[in-house]
Amino acid sequence: MAAAISLAAAGIDFVLLDIEGTTTPIAFVHDVLFPYARARVRTYLEETTPSDAGTRQIVEDLRRELPASGFPLAADVSEPPNEGSRAPSRPPQDTEIVSYVYWLMDRDRKSGPLKALQGRIWEEGYVSGALKGEVYPDVPDAFHRWTASGRRIGIFSSGSILAQQLLFGRSSAGDLSPFLSGYFDTAVGAKGEPESYRRIVAALSVHPSRTLFVSDVVKELDAARAAGLRTLLCVRPPAPTPPAGGHDVVGSFDAIQA
Ligand SMILES: [Mg+2]
């Protein structure tokens, strides 16, 4: 089932990597990053809102998206009850913005300002050293091996580009950013859409057939293959191998030779 591949033999110039489940345990995002942001969010907003225009912009954006979100804003007690009106018209209080952020996190909502806020909190954590980006032990060696033979490496992840840069720039294996020459997030399109991969190879000026996309999700690989890229399903034990849909399978980057 599991294969070994030689990038040289396959004519690969560029290796495009998914993060979660591929370079990094899925548990890192869910058990480390998300809880860190959740634990810090109240303090972060309190500490940085007075002095930081970026935080104030995020709060402003949260305020703007809140009314259409479905978040249950309590009716203002100073207003008479108004039958038939669903949402109160008053602006949300700062304490409610914090509750709204928790509410978004609990639902894993794809909110732009939430993502921006989490990114800032993680940045602070990485810079202070409280957070280190986790990569599987075979990843740094593979980065060395592939780049030493002239291959380039990039990232395509649903996490923001800032979050990607922090994860690899301040990783448990040191600064891996010198090995990376392209970061893409869903601003380029969804990971399940072939058009996203067409945009990425165009942005990189690489030929799709000389680009290898590695992911743990078959649907993403199907989309990349539809755009003409080469694909590799990375299933790390003890994760069970899903039906691979015709994609070659590796259990770690050790199987991806230069
Ligand atoms: Mg993944």
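Start at 1 and go down the list; that is how both ligands and their atoms are numbered.
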Legend entry - Enclosure of His144 NE2 (heavy-atom neighbours >12, cutoff 6.0 Å): no

Inset, instruction - Could you point out which residue of Asp254, Asp138, Asp216 forms a salt bridge (Lys or Arg N to Asp or Glu O under 4.0 Å) with Arg236? - result: Asp138

Legend entry - Salt-bridge present (Asp94, Arg63; N to O < 4.0 Å): yes

Legend entry - Neighbouring protein N, O or S atoms of the Mg ion (ligand 1) [cut-off: under 2.8 Å, no waters]: Asp18 OD2, Glu20 O, Asp216 OD1

Legend entry - Pairing of Arg199 and Glu193 as salt bridge, 4.0 angstrom limit: no

Inset, instruction - State yes or no: are the ring centers of Phe143 and Phe253 separated by less than 6.0 Å? - result: no

Legend entry - NZ/NE/NH1/NH2 to OD/OE distance under 4.0 Å, Asp61 and Arg64: yes

